[in-house]
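Quantities reported herein were computed from a predicted structural model and do not represent experimental measurements. Chain identifiers are assigned alphabetically (A, B, ...) following the order of the sequence lines, protein sequences preceding nucleic acid strands; residue numbering begins at 1 within each chain.
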2 protein chains.
Amino acid sequence: MRALNHPSRKSLTLSGVLYALSDPVRLSIVKSIAAHGEQSCGTFGLSVAKSTASHHFRVLRETGVIQMRAEGTQYINSLRREDLDSRFPGLLDAVLQASNPV
Amino acid sequence: MRALNHPSRKSLTLSGVLYALSDPVRLSIVKSIAAHGEQSCGTFGLSVAKSTASHHFRVLRETGVIQMRAEGTQYINSLRREDLDSRFPGLLDAVLQASNPV
DNA sequence: CCTGTTGTTCGATGTTATTAGAACAACAGG
DNA sequence: CCTGTTGTTCTAATAACATCGAACAACAGG
């Protein structure tokens, strides 16, 4: 439970990010963080099992969309805005603007 | 070979478009059209079988990313720029800018 | 310690994607 | 007509994904 692999900014791929964002559950996670700021995994009200949610958080983390840090018994999730904007300027904003409000 | 289903502008979905663009083969098709204008299917130099290429063109068409029209024995592919820009402003440009040059 | 909270990992399952070969369809040009 | 070009459709095999339940791990607080 300790090893959180975050890819470096350089190793982010466009295909990977697009793939991560193409899932509705993951997109809703990203939208929620963008709207409400960083949150722990349990606060998203996802209608999937814990293990499924964990899988989606992992995909978002391993593709470089989000960052997770441990805090007590929970994990705080935040967007990697600077990294995403640096590698793919305008992409995150376009996706957030295109998606319906949370 | 005659029925080409193109979704209406309204029925384009963000998840669908992101999914379509998340595949490297399909992304290369989109990049090529964006760079060189409309092209027939055979001009992309794709390193996949004909049937595989046809599959990818279909995904791009059915998610609303490209438009295909018959012309003689071949199909001419073009981007649905206006529709994409209307529904997801800035998204296509961000994707094209983020990807490496063709 | 013991218990509850939080989230991960493992194993399994069902669905969807990707890929390719073979056969087919539409058309153009001798 | 016959042939070659272009691309689709069908069928099938492999790979990848999403999903869940159960078990586990880390931690906080009695």
Side-chain angles (χ1 to χ4, degrees), chain A residues 1-7 13-33 36 38-78, chain B residues 1-7 13-30 32-33 36-78:
Chain A
M1 198 172 178
R2 212 65 302 194
L4 291 184
N5 287 350
H6 289 92
T13 69
L14 179 59
S15 288
V17 171
L18 292 176
Y19 159 71
L21 296 176
S22 73
D23 182 274
V25 174
R26 291 193 290 264
L27 184 56
S28 78
I29 293 173
V30 170
K31 283 172 8 181
S32 182
I33 300 178
H36 306 121
E38 56 182 29
Q39 315 173 50
S40 66
C41 299
T43 64
F44 291 88
L46 302 176
S47 56
V48 294
K50 262 194 320 180
S51 50
T52 303
S54 187
H55 161 71
H56 286 307
F57 283 108
R58 167 145 62 159
V59 171
L60 287 171
R61 171 166 43 84
E62 292 185 343
T63 55
V65 176
I66 68 171
Q67 207 165 10
M68 299 175 72
R69 70 169 194 278
E71 196 158 291
T73 62
Q74 52 192 21
Y75 284 99
I76 308 295
N77 301 279
S78 56
Chain B
M1 199 175 176
R2 211 63 306 191
L4 290 184
N5 288 350
H6 290 91
T13 69
L14 180 60
S15 289
V17 170
L18 292 176
Y19 160 70
L21 296 176
S22 73
D23 181 275
V25 174
R26 291 193 291 264
L27 185 56
S28 79
I29 293 173
V30 170
S32 181
I33 300 179
H36 305 120
E38 55 182 28
Q39 314 174 50
S40 67
C41 300
T43 65
F44 292 88
L46 303 176
S47 56
V48 294
K50 261 193 321 178
S51 52
T52 303
S54 188
H55 161 73
H56 286 306
F57 282 108
R58 169 145 60 159
V59 171
L60 287 171
R61 172 165 43 83
E62 292 185 343
T63 55
V65 176
I66 68 171
Q67 207 166 11
M68 299 175 73
R69 70 170 194 279
E71 197 158 289
T73 63
Q74 53 192 21
Y75 284 97
I76 308 296
N77 302 278
S78 55

What nucleotide among [options] has an atom nearest to a side-chain atom of [X]?
| X | options | answer |
| --- | --- | --- |
| A:His56 | D:dG7, D:dA18, C:dA28 | D:dA18 |
| B:Cys41 | C:dT19, D:dC20, D:dG7 | D:dG7 |
| B:Asp23 | C:dC27, C:dT9, C:dT18 | C:dT18 |
| A:Tyr19 | D:dG7, D:dA18, D:dC20 | D:dA18 |
| A:Ser51 | D:dG21, C:dT8, C:dA17 | D:dG21 |
| B:Ser54 | C:dG21, D:dT6, D:dT8 | D:dT8 |
| A:Val25 | D:dC20, C:dT18, D:dT19 | D:dT19 |

What is the nucleic acid contact for B:Val48, judged by heavy atoms within less than 4.0 Å: base, sugar-phosphate only, or nothing?
-> sugar-phosphate
Heavy atoms under 4.0 Å, any strand shown: does A:His55 hit a base, just sugar-phosphate, or nothing?
-> base
Tell which nucleotide pairs with D:dA28, taking only Watson-Crick or G-U wobble pairs whose two distances are both under 3.5 angstrom.
-> C:dT3
According to the Watson-Crick and G-U wobble definitions, with both distances under 3.5 Å, which nucleotide is paired to D:dC17?
-> C:dG14
Rounded off to whole Å, could you give me the CD-to-C1' distance for the B:Gln39 and D:dT6 pair?
-> 15 Å
Give the rounded distance in Å between these two atoms: NZ of B:Lys50 and C1' of C:dA26.
-> 13 Å
Can any side-chain N or O of A:Asn77 pair as donor or acceptor with the backbone N or O of A:Gln39 at less than 3.5 Å?
-> yes
So, do B:Arg26 and B:Tyr19 sit near enough that their side-chain heavy atoms are less than 4.5 Å apart?
-> yes
Is the distance from OP1 or OP2 of D:dA18 to the nearest side-chain N or O of A:Arg26 less than 4.0 Å?
-> yes
